[in-house]
Amino acid sequence: MRSYLVAAIQMTSLPKLQKNLAEAEELIDLAVRRGAELVCLPENFSFMGDEQEKSSQASEIAQQTEKFLKTTAQRFQVTLLAGGFPVPTENNKVYNTALLIDPSGNELARYQKVHLFDVNLPDGNTYHESFTVMAGQQLPSVYQSEELGNLGLSVCYDVRFPELYRHLSHQGAQVLFVPAAFTAYTGKDHWEVLLKARAIENTCYVVAPAQTGNHYGRRYTHGHAMIIDPWGVILDDAGDKPGVAIAEIQPTRLEQVRVQMPCLKHRVF
Ligand SMILES: O=C(O)CNC(=O)[C@H](CS)NC(=O)CCC(=O)C(=O)O
């Protein structure tokens, strides 16, 4: 592992596939111009619409999104982490899928979100992800990159389940991805705290691309795509507008924190 710049992209994705892909490409371009070698896209980056609409267009979304990721990674010669997008299953549902793609367009890792967001919020919004999404059955994997370090995958609501990240850090993760579309209502109180906790307790970098603003109807997301270091310090925060958070991943900093705070070595359970 060496030092490099990572980017966490922030978007206001809409129920419009081609428009979102064009927007993602512009932001990837911006991140690469600023020197990022690993660029991370948020959950639902290619399509953000109600669950029924997403489900009915899932084949098209999956096909176009995977093609976009491969060609864009090659074109910009960059590693891409794509937050969740729907990939159809046999039984008319989808997996909320995250993908890691190398600069040659090859798939390095794939993860199907295991925790589904079935929650009624006090603001009147109801979420029933499991109506259209199948829960993944496997814990996410850690992709071991010689250059970029050990990269652990997760998606959004997973961030509330610390055991998943314990699993990742136990498998050697050094960088944890949390691509998200956090609701505005929960995000204002929980987003930053949860991300910092995952960074601190696992002494890992956390890279959290995000959705922001109004997507359709009453659907608002929190924004604040961010990158957090293994001590829990926010290195960059994209605020509440579309854009990019960028920071340096430094192996020496990771080592230093793990020496100063050796909690991974003190695990009992
Ligand atoms: O909102 C959308 O349209 C898109 N969001 C998603 O697809 C997913 C599943 S519904 N959102 C979350 O997991 C939010 C979690 C969250 O906000 C929390 O844990 O508080």
Side-chain angles (χ1 to χ4, degrees), residues 8-17 19-20 23-24 40-58 61-62 65 81-89 93-99 111-136 140 153-165 176-199 206-226 238 240 242:
I9 284 182
Q10 178 154 293
M11 298 177 64
T12 305
S13 295
L14 307 170
K16 293 177 187 166
L17 176 64
K19 189 165 193 295
N20 296 331
E23 173 82 8
C40 306
L41 294 157
E43 187 184 28
N44 298 317
F45 72 96
S46 61
F47 193 91
M48 186 106 172
D50 72 51
E51 292 292 329
Q52 290 308 337
E53 199 181 349
K54 191 159 70 180
S55 205
S56 66
Q57 297 182 39
I61 298 171
T65 302
L81 179 276
F85 61 94
V87 176
T89 62
K93 288 195 173 182
V94 300
Y95 283 121
N96 189 343
T97 306
L99 266 192
Y111 164 63
Q112 295 157 339
K113 188 185 189 192
V114 298
H115 300 105
L116 301 184
F117 191 52
D118 289 348
V119 178
N120 298 324
L121 292 180
D123 67 354
N125 278 307
T126 59
Y127 300 83
H128 211 136
E129 193 175 13
S130 66
F131 272 151
T132 54
V133 180
M134 280 266 287
L153 276 65
S154 74
V155 175
C156 197
Y157 186 50
D158 283 334
V159 76
R160 295 181 184 273
F161 301 86
E163 60 275 19
L164 184 145
Y165 301 88
L176 303 170
F177 299 125
V178 190
F182 237 63
T183 71
Y185 186 84
T186 55
K188 67 184 185 330
D189 300 318
H190 298 170
W191 171 245
E192 189 178 311
V193 183
L194 288 166
L195 293 171
K196 281 187 174 177
R198 301 297 85 84
V206 166
V207 180
Q211 290 285 350
T212 192
N214 181 222
H215 307 276
Y216 60 93
R218 287 193 304 161
R219 190 57 65 89
Y220 289 86
T221 53
H222 175 66
H224 296 277
M226 60 176 71
D240 60 6

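Computed from heavy atoms alone, side chains included, the values below leave out hydrogens, waters and symmetry copies. Source: prediction; values computed, not measured. Whatever order the structure lists ligands and atoms in, that order sets their numbers, starting from 1. Numbers here are sequence positions counted from 1.
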Please list the nearest protein heavy atom to [atom] with its residue and the distance rounded to 0.1 Å.
atom                    : result
atom 6 (C) of ligand 1  : Asn44 ND2, 3.4 Å
atom 17 (O) of ligand 1 : Thr183 N, 3.0 Å
atom 3 (O) of ligand 1  : Arg219 NH1, 2.2 Å
atom 10 (S) of ligand 1 : Phe117 CD2, 3.7 Å
atom 12 (C) of ligand 1 : Cys156 SG, 3.1 Å
atom 13 (O) of ligand 1 : Lys113 NZ, 3.0 Å

Are the side chain of [X] and the backbone N or O of [Y] linked by a donor-acceptor pair below 3.5 Å?
X      : Y      : value
Trp191 : His222 : no
Lys93  : Ser130 : yes
Glu129 : Leu116 : no
Asn20  : Leu14  : yes
Thr65  : Ala62  : no

Inset, instruction - Please determine, by modelled atom types, if Gln211 and Thr221 share a side-chain donor-acceptor pair under 3.5 angstrom. - result: no
When you measure from the heavy atoms of [X] to every atom of ligand 1, does any distance fall below 4.0 Å?
X      : answer
Tyr216 : yes
His222 : no
His190 : no

Legend entry - Under 4.0 Å to a heavy atom of Ala181 - the qualifying atoms of ligand 1, by number: 4 (C), 5 (N), 11 (N), 14 (C)
Inset, instruction - With Lys113 as the cation and Tyr111 as the aromatic partner, state whether NZ or CZ is under 6.0 Å from the six-membered ring centre and within 45° of the axis. - result: no
Inset, instruction - Please state whether the rings of Tyr127 and Phe117 are parallel, tilted or perpendicular, taking 30° and 60° as the class boundaries. - result: tilted
Inset, instruction - Only heavy atoms count here, so choose which of His128, His115, Glu129 is nearest to atom 9 (C) of ligand 1. - result: Glu129
Legend entry - Polar proximity ligand 1 side, Thr186 side, N/O cut 3.5 Å exclusive: yes
Legend entry - N/O separation below 3.5 Å, Arg160 to ligand 1: yes
Legend entry - Steps toward ring pair (Phe, Tyr, Trp, His ring centres under 6.0 Å) verdict (Tyr157, Phe161): CA-CA 8 Å; Tyr157 186 50; Phe161 301 86; 5.2 Å; yes
